[in-house]
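What's counted below: heavy atoms across the whole structure, side chains too, no hydrogens, waters or symmetry copies.
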Amino acid sequence: MEEILDHYGNLLSRIDDWFRTCLGGSNDRIRCTDGCSECCRGLFDITLLDAAFLRRGFDRLDPEVREQVLVRCQERVARLRLVWPEFDQPFILNMRPDDEWEALMPDDDETPCPLLDRHGRCLVYEHRPMTCRLHGLPLVDVSGEIMHDEWCTLNYIDADPLADPTLRGDFDRIFTEEVRLIRTFAGRLLGHPLSEVDTFIPTALVIAFDRIDWFSWGNRLATLSLSDPRSK
């Protein structure tokens with residue numbers, strides 16, 4: 001599993017390389033700076049692979065800092081359970097239809113990510129999930145295909161980033177490799193090479209990875225996947 005996480009870290013570094021290239025060619029139209037956390041609010045769904053990679057960084061934090069973060073995560077879980085009482089270990093979102101768990105992510109949720117320090121900096125920046133690295137700019141593949149057409153309103157306030165060729169990235173290949181790694185990771189952990197197993201950032205930090213009967217969960221998730229008409 002460590003080898004898979006190493007490969008995923010290398011893939012994430014390609015996203016970081018893309019973002020640095022965008023910063024260099026933006027003529028100051030990108031306002032993302034150290035300590036800006038405007039995008040780091042509300043809930044974000046992440047893959048179980050992201051969760052495992054995030055935990056690699058989280059486990060390296062000072063124990064006192066980890067405890068403070070876990071308190072915030074448990075508070076968030078308690079609020080989620082008011083809406084979803086049975087939401088429990090291992091906190092897999094796929095046990096509910098997408099529209100039901102997506103309702104837990106309202107656009108006006110301004111709750112800071114539990115991994116932000118008091119200065120608005122990410123405590124596990126080098127291990128943050130892929131979605132965190134992609135926020136702020138539209139995603140346009142080198143082919144010209146628009147994969148995501150939203151961006152932070154603090155960026156490109158006087159221009160259209162979709163028309164800026166310097167922002168294009170090799171996203172088709174990156175996302176294809178991401179899915180391959182997700183399926184490999186799921187195959188090892190769950191016994192089924194599933195391409196979609198998700199959780200939230202706060203719940204990722206409280207998953208009892210070493211105490212879960214993952215193969216049993218894999219069978220349940222595989223059964224749900226087969227019964228889902230979208231997977232056919």
Side-chain angles (χ1 to χ4, degrees), residues 37-55 57-59 61 65-118 120 122-124 127-136 148 150 152-153 178 182 185-186 189-190 192 194-231:
S37 58
E38 290 299 312
C39 293
C40 310
R41 300 178 183 279
L43 279 174
F44 291 95
D45 56 300
I46 61 173
T47 69
L48 200 59
L49 175 58
D50 265 317
F53 191 73
L54 183 66
R55 288 287 290 271
F58 180 70
D59 291 343
L61 295 175
V65 174
R66 288 203 306 269
E67 186 59 34
Q68 293 169 357
V69 172
L70 288 175
V71 168
R72 295 194 288 268
C73 290
Q74 294 290 4
E75 291 172 349
R76 188 62 154 163
V77 171
R79 294 199 298 273
L80 289 171
R81 282 180 173 151
L82 294 175
V83 181
W84 186 355
E86 69 274 22
F87 193 38
D88 206 339
Q89 295 284 351
F91 300 105
I92 300 300
L93 299 178
N94 310 74
M95 301 308 296
R96 272 190 135 176
D98 289 0
D99 58 345
E100 291 188 19
W101 62 258
E102 286 174 355
L104 300 173
M105 305 163 60
D107 292 338
D108 60 353
D109 184 357
E110 290 295 316
T111 307
C113 175
L115 282 164
L116 290 177
D117 68 12
R118 60 191 181 90
C122 179
L123 292 165
V124 290
H127 290 82
R128 68 199 189 284
M130 180 175 284
T131 187
C132 302
R133 299 168 196 252
L134 295 172
H135 259 67
H148 183 70
E150 296 180 2
C152 175
T153 55
E178 179 196 21
I182 289 171
F185 179 80
L189 183 69
L190 301 165
H192 296 275
L194 302 171
S195 58
E196 187 174 0
V197 185
D198 302 311
T199 188
F200 291 130
I201 289 179
T203 50
L205 300 176
V206 296
I207 293 175
F209 271 95
D210 58 347
R211 298 199 299 272
I212 301 295
D213 181 356
W214 288 108
F215 270 43
S216 175
W217 275 93
N219 290 333
R220 294 173 65 181
L221 290 166
T223 300
L224 282 175
S225 178
L226 289 172
S227 64
D228 188 342
R230 294 169 301 176
S231 66

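- The two residues L116 and G120 make their nearest non-hydrogen contact at CD2-O, 3.6 Å.
- Using a distance-only test at 3.5 Å, with no hydrogens or angles considered, no donor-acceptor pair links the side chain of S37 to the main chain of C40.
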Could you walk me through whether L224 and N94 pass the side-chain contact (heavy atoms from CB on, under 4.5 Å) test, one step at a time? CA-CA 8 Å; L224 282 175; N94 310 74; 5.7 Å; no

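- Among residues two or more places apart in sequence or in another chain, the side chain to side chain contact (heavy atoms under 4.5 Å, CB included) test is passed with D117 by H119, R121, L123.
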Check residues 198-209 and write down every donor-acceptor pair under 3.5 Å in which the side-chain atom is one partner and the other belongs to a residue at least two apart or another chain.
unit_1, atom_1, unit_2, atom_2, d
T199, OG1, F91, O, 2.8
T199, OG1, T203, OG1, 2.6
T203, OG1, F200, N, 3.0
T203, OG1, F200, O, 3.0

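- In this structure, F58 has no ring-ring contact (aromatic ring centres under 6.0 Å, His included) partners at least two apart in sequence or on a different chain.
- Distance check, rounded to the nearest 0.5 Å: CG of L104 to CG of L93 gives 8.0 Å.
- Heavy atoms only, all atoms of each residue included: L190 and L194 are closest at CD1-CD1, 4.3 Å.
- Listed by first and then second residue, the salt bridge (Lys or Arg N to Asp or Glu O under 4.0 Å) pairs that reach into residues 39-49 come to none, sequence neighbours excluded.
- With a 4.5 Å cut-off on side-chain heavy atoms, L49 and E178 do not count as touching.
- For N219, the side-chain hydrogen bond (donor to acceptor under 3.5 Å, both in side chains) test picks out H192, with sequence neighbours left out.
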Quick one: do T111 and L43 satisfy side-chain contact (heavy atoms from CB on, under 4.5 Å)? Show the steps, please. CA-CA 8 Å; T111 307; L43 279 174; over 6 Å; no

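- In this structure, C113 and F44 have side chains that are not in contact, with every pair of non-hydrogen atoms separated by 4.5 Å or more.
- With rounding to the nearest 0.5 angstrom, the CG atom of L221 is 5.5 Å from the CE atom of M95.
- With sequence neighbours excluded, no residue satisfies side-chain hydrogen bond (donor to acceptor under 3.5 Å, both in side chains) with R66.
- Listed by first then second residue, pairs satisfying salt bridge (Lys or Arg N to Asp or Glu O under 4.0 Å) with a partner in residues 84-97 read R81-D88, R96-E100, not counting sequence neighbours.
- The side chain to side chain contact (heavy atoms under 4.5 Å, CB included) search around L134 returns I15, W18, M130, L139, F171, F175, not counting sequence neighbours.
- Here F53 pairs with Y8, H127 under the ring-ring contact (aromatic ring centres under 6.0 Å, His included) rule; sequence neighbours left out.
- Evaluation of the salt bridge (Lys or Arg N to Asp or Glu O under 4.0 Å) test over residues 68-79, restricted to residues two or more places apart or in two chains, returns R76-D109.
- Distance SG/C132 to CG/L54: 8.0 Å, rounded to 0.5 Å.
- Residues that satisfy the side chain to side chain contact (heavy atoms under 4.5 Å, CB included) test with D213, not counting sequence neighbours, are F215, S216.
- For W101, the side-chain hydrogen bond (donor to acceptor under 3.5 Å, both in side chains) partners at least two apart in sequence or on another chain are D98.
- Atoms SG and CD, from C152 and E38 in turn, are 7.0 Å apart once rounded to the nearest 0.5 Å.
- Closest approach of I212 to W217, counting heavy atoms only: CG2-CD1, 3.7 Å.
- For the atom pair NE2 (H135) and CZ (R128), the distance works out to 12.0 Å, reported to the nearest 0.5 Å.
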